[in-house]
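Residue numbers start from 1 in every chain, and the chains themselves are labelled A, B, ... in the order their sequence lines are given, proteins ahead of strands.
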Amino acid sequence: MAIGKSIIRKEAWDKVTGRAKYTNDFTEKGMLHAKLVTSPYAHARIRAIDAKKARAIPGVRAIITGEGLPLTGEDLRDRPPIAFDKVRYHGEVVAVIVADTLVQAEKAANLVHVAYEPLPAIGTPSEALKEDAPLIHEQLGSYQKNKHTYPEPNTNIAHRTKIRKGNMERGWAESDVVVETRVSFSPSDHIAMETRCATAEILPDGQIMISASSQSPFMIKRLISTYFGEDAGNIVVHTPLVGGAYGGKAPVQLELLAYLAAKAVRGRKVRVWNTREEDMITSPVHIGLEAAVKLGATNDGYIKAAEILFLFDGGAYSDKAIDVSRAAAVDCTGPYHIENVWCDSLCVYTNHPYAAPFRGFGHSEQAFAIERALDLLAEKLDKDKWELRRKNAIRPGHTTPTQVPLNRSNVGDLPACLDRLRELMEWDKWQRIEIDAYTVQAKGISCAWKTSTIDPDASSGVILTFNSDGSVNVISGVVEIGTGTKTILAQIVAEKLKMDVHDVYVKMDIDTQTTPEHWKTVGSRGTFMAGRAALAAADDAIRQLKAIAACILRAPADDLEVGGGKVFLRDDPSIYVPVKDIANGYKYPNGNAVGGQIIGRGSYILRHMTPLDKETGAGKPGPEWTVGAEGVEIELNRRDYTYKILKAFAVIDIGKVLNPKAALGQVMGAMSMGLSFASRETFLFDRYERVLNPQLRTYRPIRFGEHPEYIVEFIETPQIDAPYGARGVGEHGLIGMPAALANALSLAAEVPLNELPLFPEQIWRKKKGDIHDSF
Amino acid sequence: MEASTKCEMQLLVNGETKSVVARHADTLLFVLRNELGLTGAKPGCLNGDCGACTVLVDGIPIKSCMMLAIETVGKAITTSEGLHNTAIQRAFVEHFAFQCGYCTPGFIMNAFALIERHPDADDRIIQEWLESNICRCTSYKEIEAAVKTVLANHPSIPNDDHF
Amino acid sequence: MIPFEITYHRPRSIAEAVRLFDTLQQQGKKPLYYGGGTEIITLSRLHLVAADAVIDIKHIPECRALESNPHELVLGAALPLAALEEAEPFPLLTKAASEVADRTARNQITLGGNICGQFFYRETVLPFLLSDSQAVIAGKDGVRQCSIHDVFQRHIRLKPGQFLVQMKVDRSYASLPHFHRKRRKQGKVGYPLVTAAAIKKDGQIRVALSGMCPFPFRSTEVEERLNARHLSLHDRIAGAIRALPRPILNDIEGSAAYRLFVLEQMLFDIIEELGGEETNGGLH
């Protein structure tokens with residue numbers, strides 16, 4: 001009925017007419033405006049803040065600085081919402097100005113004079129780990145933290161995840177061949193087109209009203225309650241449509257500033273809105289990495305041992321960076337059967353803007369490290385690069401690095417993905433060809449996998465209400481950030497209730513007081529968790545419909561079916577009552593009424609999740625592993641090292657395609673983001689670790705016309721406990737792209753390219769022989 | 001204290017004459033959004049780099065974050081709110097040419113003007129115009145398909161309503 | 001958002017514009033001439049430009065001239081680059097203009113704005129340097145015309161109150177064999193790593209560059225070395241590179257070494273395409 005169809009997204013016409021509203025589009029007269037004063041230094045003591053001139057600007061209502069504020073952070077509370085005593089990254093907030101208009105706030109912000117005493121700034125994880133490195137968090141040992149976070153006081157290590165699986169001695173002993181590689185890349189950015197925005201208002205009765213462009217409206221409630229002692233029930237968060245997020249809007253930052261700003265003006269409504277520059281560096285970024293991978297394999301190509309070191313550049317504060325480093329460890333080997341695994345994944349402090357989850361949550365980072373090592377291993381073994389991956393592909397019966405046993409439901413079919421990729425890419429025909437004296441074409445591949453690493457008690461709820469015409473409203477806490485999940489939920493409900501999807505309406509925005517909670521719109525878990533909740537809500541509604549219809553039709557509920565807008569007798573559909581006649585209570589001919597409004601409710605909580613063991617990493621962080629095989633075909637100009645990405649391929653086991661065009665759009669969009677990141681996205685720092693390119697003019701993503709041909713196919717191995725067998729797929733297209741691109745260019749250029757981004761100058765340097773050791 | 005430069009301006013927006021009070025220094029984007037409630041044009045960068053603020057001024061795509069409102073007095077401004085059921089909007093919907101939708105009004109204004117100006121646009125011209133807008137969600141493939149569909153069908157699909 | 005107050009003025013003639021500038025200055029204000037406005041607006045937002053008034057020259061007829069006479073092309077400084085591209089009076093200029101920023105921005109960026117602005121690439125000045133064009137300048141002392149070389153050395157040299165009205169190009173230059181290439185760090189939109197423009201006049205190659213140094217330039221020394229046909233191709237190019245003005249940019253777009261690498265290849269391609277009549281040396 002609705003499943004498997006390319007149903008156009010519900011909010012489509014609002015979006016193409018400019019009528020769709022995002023957080024910054026809502027303006028209220030009398031609303032005040034905040035402007036951030038940010039640090040020009042990456043590491044410095046704050047000696048004094050002189051706001052006298054700023055205060056004199058007409059319209060300025062409050063100036064807030066960092067004294068007396070609680071420390072924040074999701075796993076480790078190390079971050080003051082406004083810097084106090086010290087700034088630790090270029091762009092860190094040191095004061096907030098609140099004024100009648102944005103122009104007044106800007107004028108005032110420009111007049112705040114802060115005296116800094118610069119400190120030496122740390123620019124890489126390996127620098128941060130040196131014996132004599134300055135401590136970015138001197139008080140690391142005293143910070144509040146949750147149970148499963150392990151900071152190492154008197155170092156710059158915020159957290160270490162250990163994976164210890166099998167027996168390394170045995171693994172190396174069984175290996176005939178060993179390869180070692182190092183890879184690295186600096187932090188970069190999500191650059192969602194909508195910059196972050198939050199408003200806050202505190203009503204006289206104490207209710208705190210927040211609106212935010214966020215993936216985590218419900219987490220905002222929790223955190224404001226935790227950090228500031230407010231009653232969670234007294235906090236209401238509104239999130240409308242969000243203009244792109246990709247993980248960057250999962251952390252809570254501006255919302256805290258908006259709340260503090262509102263408090264400073266007796267609860268009046270204040271809006272905080274990021275300029276692009278602030279969105280890029282003041283708000284959290286895409287994590288950086290230095291990694292070392294050592295693989296051991298037998299001569300016939302079976303990988304026996306993997307030793308992996310991830311040094312994540314989590315930036316100045318740990319917030320969600322710890323979780324990213326943990327997630328990378330969880331799946332550190334990539335989707336390969338390796339029995340003996342040793343991995344240390346560190347979240348390291350540097351004086352860089354701090355990290356947020358970035359689409360893939362540690363997995364494109366992990367994949368880049370492993371997949372470069374695999375190509376090197378293939379070369380050393382003189383084996384085909386696809387063969388090597390196929391041979392070691394993970395399957396049901398194997399275990400993950402955290403020792404979760406895999407079966408046909410909780411892992412997709414990687415061999416099938418690889419087999420299809422090989423066909424689509426015509427891999428056997430050629431992998432590298434010299435077209436002429438200057439032009440070389442080459443192919444590169446990478447596998448990709450991911451499970452989510454989210455709170456073990458993450459849950460999702462859905463409410464269904466009926467309208468008088470028998471149509472249905474779906475109310476879910478999933479934020480519509482562009483993934484189209486809200487429309488998918490409508491399809492799931494339509495399918496279950498056997499009704500036309502056009503009669504299923506979806507509430508697009510979130511209001512935490514009336515919308516059931518969905519943990520956070522992250523992790524490619526929206527369809528799974530909210531979908532299960534929607535199915536449960538539909539079942540609940542069906543039960544209620546049948547119960548009332550049973551009275552009216554004088555038949556057992558078990559004999560009834562719901563479908564086509566009717567509740568009918570299964571063995572004689574001509575005996576029925578229309579849904580619309582019972583959805584709001586049923587009225588008998590004599591006037592008596594029974595029933596009442598049908599309100600379907602359903603929820604879903606992740607099942608059997610466990611935290612990771614501190615020493616071995618054993619544990620179950622996620623419900624399933626989505627797998628895929630990806631590749632690129634490039635053309636390199638060997639004269640000047642410019643290149644074109646000709647084709648990009650992905651074969652992903654999606655379980656079940658719920659909406660073909662939407663799924664393709666998600667995967668291709670993710671692939672594009674991966675290629676853009678790998679080919680040109682990075683923050684560039686000066687020697688004081690200040691970001692030199694916090695604008696879209698100097699940080700330039702892929703544009704129209706630079707896009708390759710995309711070839712995407714899906715394999716369908718159902719995840720049994722998922723709605724219609726569907727696996728999440730929002731992130732996976734991205735995961736293998738950086739590695740595939742680096743693999744293709746390394747083959748074309750005949751030089752190992754282990755640093756991102758892959759600028760022509762970078763390739764030229766490698767060819768010349770400039771050794772840029774990663775660390 | 002600086003003297004205010006607020007003045008009353010008559011702007012012709014989507015075929016309607018509107019009276020607004022704004023500073024000389026206010027950009028067209030700011031006035032459209034904050035004085036006229038036309039929030040389709042978006043502040044993606046305020047630097048002219050992303051194209052999310054694109055509107056038409058006398059039919060020509062302009063990045064409204066880089067133009068003063070006062071400059072547009074006497075000119076006809078068209079925003080996405082002024083396009084009704086046009087071929088390009090239909091094509092964007094049918095081709096799934098957007099996801100989060102934030103860049104979409106800007107793309108649509110640019111594409112709309114492109115098709116009017118170059119109904120026989122080739123790949124080179126399409127790229128030249130559309131590389132002015134960044135989309136972060138899609139791969140650009142669907143946007144390309146939407147624009148090319150409208151170009152291919154150009155004479156036969158009438159544009160319902162626009163200014 | 002310009003975070004300070006400015007008054008906007010729209011003169012209808014050169015005289016009115018100059019008078020306005022003078023009057024505002026007398027009032028103790030800081031006026032700026034305003035073309036497309038893109039630079040003034042975006043830099044004001046970041047407090048990198050300060051002004052009390054902007055004088056929009058786009059409605060002065062002379063500033064919008066787009067004439068093609070038998071002897072010369074007259075190009076108004078207030079013409080948007082996109083309009084210039086579409087009219088195509090001067091193919092090399094079209095190529096140079098069409099690589100600046102992006103198409104929508106070029107609907108606003110004016111010729112004068114690109115040549116006289118703060119951003120030091122100023123790529124549209126290259127064709128004028130190569131064609132020994134004339135610049136028409138207006139100021140308190142009236143309107144005068146002079147060689148581009150007299151009024152543009154690395155950047156435009158205008159006295160306060162002066163503004164560029166038009167560029168005039170000898171017609172014959174528009175049809176000379178020419179070369180234009182812009183290499184960026186990556187992709188097709190963005191600041192130049194190296195932009196090279198070249199023409200061949202009277203058997204001699206002329207070259208103008210942007211992106212190599214923090215200013216666009218044309219250098220007689222560089223051209224002499226490049227045209228030294230008694231030397232090998234390799235030596236001609238090496239000599240041209242040695243003669244480049246300094247400093248060579250070393251920044252977020254690329255290193256100096258890489259710029260030189262890219263330029264070397266461009267110079268080779270220029271000679272090959274425009275016919276450098278090399279004697280010995282061949283491919284290097």
Side-chain angles (χ1 to χ4, degrees), chain B residues 1-7 9 22-31 33-34 43 45-74 106-107 109-110 113-114 117-118 124-134, chain C residues 1-10 27 29-30 32 34-46 48-59 78 80-83 85-86 94-95 97-110 113 119 184 187-191:
Chain B
M1 173 146 40
E2 281 171 317
S4 170
T5 58
K6 279 210 162 133
C7 70
M9 307 171 203
R23 299 155 69 225
H24 287 221
D26 284 342
T27 58
L28 178 61
L29 178 67
F30 181 83
V31 169
R33 290 174 57 81
N34 294 292
C45 69
L46 297 185
N47 211 44
D49 303 324
C50 74
C53 65
T54 305
V55 300
L56 303 185
V57 178
D58 286 344
I60 299 173
I62 291 290
K63 297 191 180 189
S64 61
C65 73
M66 297 202 291
M67 180 170 275
L68 299 178
I70 196 168
E71 263 190 85
T72 64
V73 172
F107 254 108
M109 296 320 293
N110 195 10
L114 164 67
R117 178 82 180 72
H118 294 286
R124 191 189 61 81
I125 294 181
I126 296 172
Q127 175 179 329
E128 191 194 343
W129 282 56
L130 296 186
E131 72 186 4
S132 311
N133 297 67
I134 299 176
Chain C
M1 178 56 59
I2 298 183
F4 46 82
E5 303 306 318
I6 54 154
T7 50
Y8 170 84
H9 307 268
R10 187 183 277 185
Q27 290 168 0
K29 302 233 169 79
K30 182 178 183 220
L32 285 179
Y34 182 96
T38 61
E39 201 177 277
I40 289 178
I41 293 175
T42 55
L43 292 183
S44 295
R45 177 178 70 88
L46 300 170
L48 295 171
V49 154
D52 298 305
V54 293
I55 300 171
D56 186 349
I57 60 163
K58 294 197 294 291
H59 303 265
L81 295 185
E85 287 168 61
E86 299 218 333
T94 301
K95 293 200 173 97
S98 66
E99 296 277 5
V100 172
D102 58 56
R103 173 67 194 213
T104 304
R106 293 199 297 279
N107 286 333
Q108 266 183 284
I109 298 172
T110 62
F119 292 111
R184 298 172 182 79
K188 300 196 178 131
V189 174
Y191 290 134

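Looking at C:Ile2, both its backbone and its side chain come within 4.5 Å of chain B, counting heavy atoms on both sides. When heavy atoms are compared at a cutoff of 4.5 Å, B:Val73 approaches chain C solely by way of its backbone atoms N, CA, C and O. Of the two parts of B:Gln127, only the side chain, counted from C-beta on, holds a non-hydrogen atom closer than 4.5 Å to a non-hydrogen atom of chain C. Heavy atoms closer than 4.5 Å to chain B are found in the side chain of C:Lys58, but not in its backbone. Neither the backbone nor the side chain of C:Glu99 comes within contact range of chain B; no heavy atoms are under 4.5 Å apart.
The candidate from B:Ile60, B:Ile62, B:Leu130, B:Asn133 with the greatest count of non-hydrogen atom pairs under 4.5 Å with chain C is B:Ile62. Annotation: maximal heavy-atom pairing with chain B below 4.5 Å, among C:His59, C:Arg106, C:Glu86, occurs at C:Glu86. Ranked by heavy-atom pairs shorter than 4.5 Å toward chain C, the options B:Cys65, B:Cys7, B:Ala25 are led by B:Ala25.
Rounded to the nearest 0.5 Å, atoms NZ (C:Lys188) and CD (B:Glu128) are 12.0 Å apart. The distance from the CG atom of C:Asn107 to the CE atom of B:Met67 is 9.0 Å, given to the nearest 0.5 Å. The structure places CD1 of C:Ile41 at 8.0 Å from CE of B:Met66, a figure rounded to the nearest 0.5 Å.
Considering only heavy atoms from C-beta on, B:Leu68 stays 4.5 Å or farther from C:Asp56 through its side chain. In this structure, B:Lys63 and C:Asp102 have side chains that are in contact, with non-hydrogen atoms separated by less than 4.5 Å. Residues B:Asn47 and C:Arg45 meet the side-chain proximity criterion, which asks for heavy atoms closer than 4.5 Å. Side-chain contact between C:Glu5 and B:Arg23: present, with at least one pair of heavy atoms (C-beta onward) separated by less than 4.5 Å.
Nearest heavy-atom pair, C:Tyr8 versus B:Glu71, reported as atom, atom and distance to 0.1 Å: OH-CG, 3.4 Å. Heavy-atom minimum distance, C:Val189 versus B:Glu131: CG2-CD, 3.6 Å.
With hydrogens and angles left out, the side-chain atoms of C:Arg103 and B:Asn110 include no donor and acceptor closer than 3.5 Å.
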